[in-house]
Amino acid sequence: MWVIISLGLLGLYILFMLYPMLKLLINSVRDETTGAFTLRYFERFFDPDHGYAYTVINSFKVSISATVITLIIGVPMAYLYTMYEVRGRNFLMVMIILCSMSAPFLGAYSWVLLLGRGGAITKLIRAWFGIRLPSIYGFGGILLALSTKLFPLVFLYVNGALKNVDNSLLEASSNMGCKGVKRFFKVVIPLCMPSILAAGLMVFMRSLADFGTPRMIGEGYMTFPVIIYQQYVGEVGTNYNFAAAIAVIAVIITAVIFLLQKWSSNRFSFTMNALHPIERRKAGKIGSFFIHLFLYGMVVISYAPQLFLVYYSFHNVSRTGNIIKPGYSFMNYRTVWPDLGPAVWNTLRICGGALIIIVVLAMLISYLVVRRRNLVNNVIDTMSMIPYIIPGAVIGIAMIMGFNNGPLVLTGTAWIMVVAMCIRRMPYTIRSSVAVLQQIPITVEEASASLGASKFKTFWKITIPMMFNGVAAGAVMTWVTLITELSSSVMLYSYKTITLNLLVYVLVVGGTDARACAASTVLTLFTITTLVIYMRVAKNKELSL
Amino acid sequence: MNVEIRINHALKKYGDNVIIPDLSLDIRPGEFFTLLGPSGCGKTTLLRMIAGFNTIEGGDFYFGDRRINDLDPSKRNIGMVFQNYAIFPHLTVKKNVAFGLQNRKLPKDKIEAQTEKFLNMMKIQEYKDRLPDRLSGGQQQRVALARALAIEPDVLLMDEPLSNLDAKLRVEMREVIKEIQNELGITTVYVTHDQEEAMAVSDRIAVMNAGVIQQIGTPKALYQRPANLFVSTFIGRTNVLEKKLVAKDGALAVDFGGYQLPMPNLTAEAQAGQTVQASVRPEELVIVDGGEGIRGTVEFSTFLGLNTHYLVRLETGERVEIIQESRIDDILAKGSTVRMTVKGEKINVFTQDGSRSLIA
Ligand SMILES: Nc1ncnc2c1ncn2[C@@H]1O[C@H](COP(=O)(O)OP(=O)(O)OP(=O)(O)O)[C@@H](O)[C@H]1O
Ligand SMILES: [Mg+2]
């Protein structure tokens, strides 16, 4: 029974992941007209005259800067949050989680609406002071949008690590004369190093693979997911094979970074478990003021632009949708309503379908990997982790190459989006399921066997129910990333499979701002609802990413 | 019920690592049988081979006449109690107990009745609708026991079931276990590394070391007539003194240096002039006021109420521990010299390498 399941899973991975990736690889070295072997596309990429290689450097610049900035913001935030009494801790936590949950490109878009050429603040400042704000477009804007969007990740990771730091470690270091800032750098940071590295990698990978942000706010500043997309949609002439070559290069880069991180985090890895968690102290009046200013300030900077989108969505606008008229109403909602209904339905069916598949497969795979180690299952384990290092845009293009002709044609259907989403998100859900399963002592399953239950019955009646809470919490987070997924689905959707997130994107690109805001508000409602459900489902309010 | 467990030449390897080289064992029907040995000696491994959770690299396992080597754990009809209880956390106490019965596809009222019976027997009736995480350790252990017993297994297996409990509960629960086992008369294999616990509950004990059974016997036999030096040091406390056998009045005696203890009960293997290991338990040394005896100096004394413990340095240089019933007069002072005699009929004498007993 389990052998059949193993082989079935292996088959799925071969068909839906290896096969498209292989086609991608083949296409990257095949001449588009003659079909002969060629390295032309790679040469073209690195040819200084074309300037494509620059996009890689740009991507790196953006990602490294974003990683550094988010660490500089996120680590001290987590430290202060753990060490000191903060008013409204729970509210603050919820807000930070919410920040981390919003659609990536919405952040960038809201910054454009505030500080862009025709942005609200830009206009205001010009009207009041006659000053022209520096341009938000390009490197600076990408960095602003990415940092404000991603620092919550660092905060949540490091906060989790600090929870496991035993108070006595801090007391011991104070006893030995290491206090305050010195202690922060000499004791706290090293103790949290594994989490800091993990968070850093997460931020780096996300910034590197992010398509929406540079697309919204980058303008001339190109990063490689953007050119993959451009080669694909053909804004400057379609070239699948060239897009494939760029994708291959992208995968190689992320793989190298991933391995580097693995290597470095192995050197820092250790486990902690706090008997006595850190006791929060009251800061002095002035200190407390600055702590609150910092923590709440960052949340406001991160989230307020999105609230502006909500505000904007109620503004009356001209018929084209981008000239503001006085007064407020639901008119934008009314105008997008015909599109909204199908988009909501698509979101539910495509993302919901993907979620169900992901959870079921992740539970099965984690069970096989943890409890039934053998060669096939080890292969599945390794394969399931591969998508972790493949940027969404690459998965998008691989899907198209795999399934727009040949034995299985899926392009234009909802299935291709479901498949892409499953592949992208599976590694995370599998990791969290594996962690959950490893917490369950094997003796519980043995007890069930000794009481006469078959292996399958044990899995169904004992293992799954015991895993359920942990997996459900992870599933909620998966759901959020699915409904805000852009970089691969933007290449895969058709007018029949447009989701809410894609609708916002299309409206934004189409320049109908107010309507985009209305759609984005509905999307925001989705994430907030999800968060509320999460708070209900999760026993502890910890976030597992 | 009441099956015999027979193990012939069991072999267990993990990779190239031989854990149990060649082990044979016969457990009688209805017996309370304990595997006792130091940590890592392979007790759990053997138990899990009986249960079917470990692979068997060689040998035959029988329940009665039935060879069970290749039988799936779920078909062996065993009740198993784990060190960490392994209670299903998502099921209520009652559903935990009923779980095994439901796998039997018994009629509902039968399941209900059987469940009730064991809930009552283990005195956990009042918690039956609770989830296990709201029970104390002792209560959880009762649930685990009720669950294992409810299926009326042929064999009950327990792996250190009490080691997670505090000392007082441990004593209480071991009495519960013993009582229930007596009542049901079910063949039981019990694993522990606590020798007092083993002595308290077992009909027979197998002392294991490094995957090899050193001795099988009743608690009394193990304590009084250990088969080798390992068993004698592992069970209870003892003083091991390397001495020579001498001929005295036509019989053999142990020469304690100025004090020769006649040993009429030695085997034919024992020869005059042979070096032996004499294992003398602290209570087998008697401090005497005068006459013949081993001479020594008191180095340390501890008054423990019923008994007083002395640490005495012998003239021959060894240090021995003595337990005396406390007396009303003064405790022997540090530095005072004493004479001791030895209860010859109780002590044990082993070959020099400690591998065999020389007591007939
Ligand atoms: N899965 C395994 N793989 C390899 N070696 C193992 C495995 N399980 C146990 N061992 C080894 O087998 C030996 C016996 O282990 P076992 O668990 O049976 O000891 P034990 O007598 O139950 O000890 P304790 O009293 O500590 O529970 C040990 O040396 C252990 O390291
Ligand atoms: Mg053990």
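Owing to the predicted nature of the structure, the values given are computational and were not obtained by experimental measurement. By convention in this document, chain letters (A, B, ...) are assigned in the order of the sequence lines, proteins followed by strands, and residues within each chain are numbered from 1.
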Which answer fits B/Ile151, side chain, backbone, both or neither, if we ask what part of it has an atom under 4.5 Å from a heavy atom of chain A? side chain

Counting heavy-atom pairs closer than 4.5 Å to chain A, which one of B/Arg76, B/Lys75, B/Arg48 comes out on top? B/Arg48

Most heavy-atom pairs under 4.5 Å with chain A, out of B/Val81, B/Asn77, B/Leu91, B/Asn84, belong to B/Asn84

Between A/Ala447 and B/Ala86, what is the shortest heavy-atom contact and its length? CB-O, 3.9 Å

With a 4.5 Å heavy-atom cut-off, do A/Ile442 and B/Phe53 have their side chains touching? no

Do A/Leu451 and B/Met80 make a side-chain contact, defined as non-hydrogen atoms from C-beta onward lying under 4.5 Å apart? no

Looking at A/Ser454, A/Pro465, A/Ser450, which has the largest count of heavy-atom pairs under 4.5 Å with chain B? A/Ser450

Between B/Gln83 and chain A, with a heavy-atom cut-off of 4.5 Å, which part of the residue counts as in contact: side chain, backbone, both or neither? neither

Residue B/Lys95 excluded, over 12 heavy atoms near NZ under 6.0 Å: no

Answer whether the closest heavy-atom distance between the side chains of A/Met466 and B/Pro89 falls below 4.5 Å. yes

Are more than 12 heavy atoms from other residues, nucleotides or ligands located less than 6.0 Å from atom CZ of B/Arg66? no

Which one wins on heavy-atom pair count under 4.5 Å against chain B: A/Gly452, A/Ser448, A/Pro441? A/Gly452

CZ/A/Phe468: more than 12 non-hydrogen atoms of other groups inside 6.0 Å: no

Give a yes or no on whether B/Asn17 atom CG has more than 12 heavy-atom contacts from other residues, nucleotides or ligands under 6.0 Å away. yes

Side chains of B/Asp72 and A/Lys455, heavy atoms from C-beta outward: is any pair under 4.5 Å? yes

Measure the NE2-NZ distance between B/His90 and A/Lys461 for me, rounded to the nearest 0.5 Å. 8.5 Å

Heavy-atom cut-off 4.5 Å, strictly under: side chain, backbone, both or neither for B/Arg104 against chain A? neither

Answer yes or no: does atom CD of B/Glu57 have more than 12 heavy-atom neighbours from other residues, nucleotides or ligands under 6.0 Å? yes

Of the backbone (N, CA, C, O) and the side chain (C-beta and beyond), which part of A/Thr458 lies under 4.5 Å from a heavy atom of chain B, both, or neither? neither

